[in-house]
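Contents: one structure, followed by commentary.
Lettering of chains follows the sequences in order, A, B, ..., and the numbering in each one begins at 1.
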Amino acid sequence: MYQITIGPRRYHFADLKTLLARASPLRSGDLLAGVAAASAEERVAARYCLADVPLRDFLQHAIVPYEEDEVTRLIIDSHHAAAFATVSHLTVGGFRDWLLSDAANPATLAALAPGLTPEMVAAVSKLMRNQDLILVARKCRVVTAFRNTQGLPGHMGVRLQPNHPTDDARGIAAAMLDGLLYGAGDAVIGINPATDSPETIHTMLAMMDEVRLRYAIPTQSCVLTHVTTTLELIGRGAPVDLVFQSVAGTERANSGFGINLAVLQEAHDAARSLQRGTVGDNVMYFETGQGSALSAGAHWGADQQTCEARAYAVARHFSPLLVNTVVGFIGPEYLYDGKQIIRAGLEDHFCGKLLGLPMGCDICYTNHAEADQDDMDTLLTLLGTAGIHFIIGVPGADDIMLGYQSTSFHDALYLRELLGLKRAPEFEDWLETMAITRGGRLQAHGQQPPLLGLMETVA
Amino acid sequence: MSVIPFPGPAANPDTITEDSWQALGQHTVARIALGRAGASLPTRETLRFALAHAQARDAVHTPLDGDALAATLQQAGHSVLQVQSAAANRAQYLQRPDLGRRLHTGSRAHLLAQQAAGCDVLFVVGDGLSSLATASHAAPLLAATLPYLAEAGLSVGPVVIASQARVALADEAGECLRARLVVMLIGERPGLSSPDSLGVYLTSAPKVGRMDSERNCISNVRPAGLPYPLAAFKLAWLLRAALQQGSGVALKDGSAAEPGWAALLAGTRTSTLPA
């Protein structure tokens, strides 16, 4: 029980879960769930109370019951007490001050990560302004590798997303080629399939692998299908680089996705056993997004940002190459407008990075959200300054399969120009070899680039 | 309706780098080979994108003209009932999907006051997320479907036009009007290149609380997607099957195995159809 008196009004918060929810910045999903503060003053009152909560309390009071949720058990059982010692004496408010101080640097933050729980990280984010989220995230370094190296300081990757509404091989190849010629695809070439047919997905994996081998592209491919389908395809000998799965922050929400920790472990081990990575063995690609637990009716009365941070505990357990928060995809009933999407994108990136994850963001919106390209430009620029691990590249920002707007190859080039962000070094070298870039910048193509022969691979 | 192809501002060859792979556009409608001004989008592409987004936004926010649609349907011989969901306005509709799934109390009373004797099939026409889709495609799809129902000897109730409606609102309407099966024709979330896709949802034994797994769906109904004759054929097939065995995930769409399907397909542009 937490309480505070402000003038004539006294505010009560029954437990830590309620306090976190009331302290969360306003968003439609928490209103839909009925967990948001009833007034602006109550929201700040909750933040006053939250600032005084010792970080240690988060280890004593589970947001979702330990006995009923394997994600809680994972969080508590894998908590690293020695790493936590650095900040174990602090309150949430004191932790914010520490994060902004010179004591928090890339080395101390990396050492601290295993000692932090998602709830601690979610809590401190609720006391932080956007600039705090940006500044602290920028101090976190997370480097991962498979066929190239992601997350080096001053670098940013792009997932090339060449989707097609009917999984047409030539349609996919055309978009893939467009992306490569625009210098995108170092994080992963990842297709969202329209079908869940294992045969079709096998064909896509084989096509991408053939292209990669033919042109010696130092990148990794992925078809974003259910983890059980990928497992089945590994069993059939399909060329699987990365295992994809959407994950959420509670056991029940993960059940809704048809997964649990055991099946993720099985898939992780199977992909590792293939030993397809050349410079590293991070084999998992996870996607998350605020609102997923609530939409599955599995949020346990917690706010959506806290649930989202808990999903990062699931991801962290499997040392992923990439984690992508698909921030604006879920729709306005969870994140109503550009302001809410921008805030959520910065929160997710901050929380993921602080927990030690290679955090990327699908900076995106749907046509029924109160958002437009200007909002995406704002979030893109902010995340670029915050040191985002990778972003999405879709031709012209228009995903014709999923029917939403993400970021384009051009958007990535804009950010590289503006902030001097480089591609994964192995991939950049390849682009120079193929005469696609020179000195990191796109070359003008006087004639047909050699890579256009790629279309013949996909006859 | 689609993006009107008209020439954009003339490109300046000195400042625009055109892409040499424009021919690949024959393989996909994705926005590839757009060219660049520096590293950024040329003016023509910025405007083309803005126009598509504007059309999608208008599709979401333009209110459905229920009276105009009612007049069209009445001319086609339907009796029409107009209802509203419990969502008071568009902003609330977008943030509270639960309210869009229930009838406004006045509308519920209006339907109950019909003291309906019941029907085999009830059509509910909802604005959903694209009033443009509903206004453009609901009446033609109904007209293409009714001959199949007449042939099967099925009775059809009055057409219910619903504003600020989600799919599940049809469950309550079907329950009030004692339908054996309800079909919701509703505007889908607009994509940038498809502001006018109509979705069709079938639910047998409709009542409040039905789950999505108890429905069958046909999506992307529009001339450039799944054209009316094909959609009507599918819908009629699913209707007959759902009246026999119930709707839901266990009912698999077998319409494409029927002899009539191939003939219809042959007479239709098929480039955008799923395999």
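Judged by a 6.0 Å distance limit and a 45° cone about the ring axis, B:Arg189 is positioned over the six-membered ring of A:Phe329.
If you measure heavy-atom distances from B:Ala59 to chain A, you find no contacts under 4.5 Å at all. B:Leu94 touches chain A through backbone and side chain together, each having a heavy atom under 4.5 Å away. When heavy atoms are compared at a cutoff of 4.5 Å, A:Leu402 approaches chain B solely by way of its backbone atoms N, CA, C and O.
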Please evaluate residues B:Asp19 and A:Leu181 with respect to the criterion side chain to side chain contact (heavy atoms under 4.5 Å, CB included), reporting the C-alpha separation (whole Å), side-chain torsions for both, the decisive distance (0.1 Å), and the verdict. CA-CA 9 Å; B:Asp19 297 325; A:Leu181 290 169; over 6 Å; no

From CA spacing to verdict: side chain to side chain contact (heavy atoms under 4.5 Å, CB included), B:Phe49, A:Gln405: CA-CA 10 Å; B:Phe49 188 101; A:Gln405 284 92 258; 3.6 Å; yes

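A 4.5 Å side-chain heavy-atom check between B:Leu129 and A:Asn367 finds every atom pair outside the cut-off. A:Leu442 places a side-chain heavy atom less than 4.5 Å from the side chain of B:Arg36. A heavy-atom distance below 4.5 Å is found between the side chains of B:Leu24 and A:Leu452.
Here B:Glu45 contributes atom CD and A:His410 contributes atom NE2; the two are 8.0 Å apart, rounded to the nearest 0.5 Å. In this structure, OG1 in B:Thr28 is found 9.0 Å from CD1 in A:Ile172, a value given to the nearest 0.5 Å.
With chain A as partner, the option from B:Arg90, B:Gln26, B:His53, B:Arg96 having the largest number of non-hydrogen pairs under 4.5 angstrom is B:His53.
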